[in-house]
Each structure stands twice: as C-alpha cells, then as structure tokens.
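Comments concern the structure below.
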Amino acid sequence: FEGGTLEYNANFARKFNSNLNKTQLFLDKTVGTYLQKYVSYKTGAQEKSIVNANTYGTGKVVINVPYAQVQAYSKRIHKRVGLRGTKPFERMVADNKDRILRETEKYSKGLGD
C-alpha cells in the first residue's frame, strides 16, 4: 500500500498459540468427559483413570488400567450394558462427534473476545 508501513505484531502469534493450546485442552477434557460414559464399569477404575491419568492438552485421552485394552477390543467380549462396553472410543465418537465439535467451536470463538 502506498505511504504506509507494515509492522509485525508479535502479540498475534503469542495469542494465537495460547488460544490454540486452550482449545486443545478444552477438546481433550470434553472427549474425556463423554468417554467416561462409554468405558466398562465394574469397579469404576477405567472411568476414574480418564480423569486421573490424563494430561489434557496433549491431544490424547488415556485409559490407564492394564485390562482396558482387552475389555475394549477383545473379540471374545461382546457384553454391553447401556452405553458401556466394547470399543468405547469409537462408539462415543460416532454418537457425539458433532456435539463435541460444536462445543469446541463455540469455546474457541469465545476466546477471541
């Protein structure tokens, strides 16, 4: 443009990255919250481990009990009680993907204010 100067705004990149990290944290917590309703629940250990074993904001949600993978993906286990049972993450995503994306988008837009 004519007669003007273009200056780099260092705060923009810092704020953008901060908002991106906050949005990832929100998304991880939301996924963890929804996932709790889908994991097997005999003692409640899997549900509790989602809250206790995760570092939200990393892009991963972990179920930190030794038998979780066997219960979730064993070809021999086909029991399901309500929402709880095999392949909890896949079923949770199929049921709630649009809701999670809408909530995350709404949260992210609110960060710009």
Side-chain angles (χ1 to χ4, degrees):
F1 54 83
E2 192 174 321
T5 60
L6 184 62
E7 293 182 30
Y8 175 73
N9 183 351
N11 289 329
F12 173 79
R14 192 171 19 263
K15 186 174 181 180
F16 179 81
N17 287 332
S18 174
N19 288 346
L20 192 60
N21 290 336
K22 289 175 186 175
T23 301
Q24 183 67 56
L25 182 74
F26 178 85
L27 176 61
D28 291 355
K29 283 183 179 181
T30 303
V31 167
T33 300
Y34 280 101
L35 185 59
Q36 286 178 320
K37 300 171 189 167
Y38 286 80
V39 295
S40 296
Y41 192 92
K42 187 171 185 177
T43 64
Q46 289 187 47
E47 188 174 316
K48 291 174 192 164
S49 83
I50 291 171
V51 175
N52 297 331
N54 280 289
T55 305
Y56 293 124
T58 62
K60 296 184 211 175
V61 177
V62 176
I63 303 171
N64 192 23
V65 292
Y67 53 85
Q69 188 171 5
V70 172
Q71 286 185 342
Y73 297 102
S74 173
K75 295 184 184 207
R76 289 183 259 154
I77 299 174
H78 295 290
K79 293 187 287 183
R80 190 175 291 165
V81 178
L83 294 175
R84 300 185 185 279
T86 56
K87 298 186 179 176
F89 182 78
E90 290 82 356
R91 290 183 301 104
M92 183 278 299
V93 169
D95 291 348
N96 299 294
K97 179 179 74 172
D98 293 337
R99 181 181 301 148
I100 291 169
L101 291 174
R102 277 194 311 270
E103 289 176 14
T104 305
E105 180 181 14
K106 183 178 177 182
Y107 174 81
S108 183
K109 285 181 178 178
L111 292 174
D113 297 336

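Predicted model only: the values in this text are computed from it and were never measured.
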Task: Reported CZ-to-OG1 distance for the pair R102 and T30, which is rounded to 0.5 angstrom - done: 12.5 Å
- [ ] Identify the two heavy atoms, one from K37 and one from R84, that lie closest to each other, and give their separation to 0.1 Å.
- [x] O-CG, 3.5 Å
Task: side chain to side chain donor-acceptor pair (under 3.5 Å) involving N96 - partner list, sequence neighbours excluded - done: Y38, R99
Task: Y107, OH: over 12 other non-hydrogen atoms inside 6.0 angstrom - done: yes
With a 3.5 Å cut-off and sequence neighbours excluded, list the donor-acceptor pairs that the side chains of residues 18-26 form with protein atoms.
| residue | atom | partner | partner atom | Å |
| --- | --- | --- | --- | --- |
| N21 | ND2 | N17 | O | 3.3 |
| T23 | OG1 | N19 | O | 2.9 |
| Q24 | NE2 | D28 | OD1 | 2.8 |

Task: Partners meeting side chain to side chain donor-acceptor pair (under 3.5 Å) with Y56 (sequence neighbours left out) - done: none
Task: Pairing residues for R91 by the side chain to side chain donor-acceptor pair (under 3.5 Å) criterion, not counting sequence neighbours - done: none
TODO: Please list, chain by chain and in numerical order, all residues satisfying side chain to side chain donor-acceptor pair (under 3.5 Å) with R14, sequence neighbours excluded.
DONE: N11
TODO: Taking the side chain as every heavy atom from C-beta outward, state whether T43 and K48 have any atom pair closer than 4.5 Å.
DONE: no
TODO: Nearest 0.5 Å please: distance from the CD atom of Q46 over to the CG atom of L35.
DONE: 9.0 Å
For a quick test of your reading: what N or O donor-acceptor pairs under 3.5 Å do the side chains of residues 57-65 make, sequence neighbours left out?
| residue | atom | partner | partner atom | Å |
| --- | --- | --- | --- | --- |
| T58 | OG1 | T55 | O | 3.1 |
| T58 | OG1 | K60 | N | 3.4 |

Task: Test side chain to side chain contact (heavy atoms under 4.5 Å, CB included) applied to Y34 and V93, step by step - done: CA-CA 9 Å; Y34 280 101; V93 169; over 6 Å; no
- [ ] To the nearest 0.5 angstrom, please state how far the CG atom of L27 sits from the CG atom of L101.
- [x] 7.5 Å
TODO: Would you name the heavy atoms of Q36 and V51 that are closest together and state the gap between them?
DONE: NE2-CG2, 2.7 Å
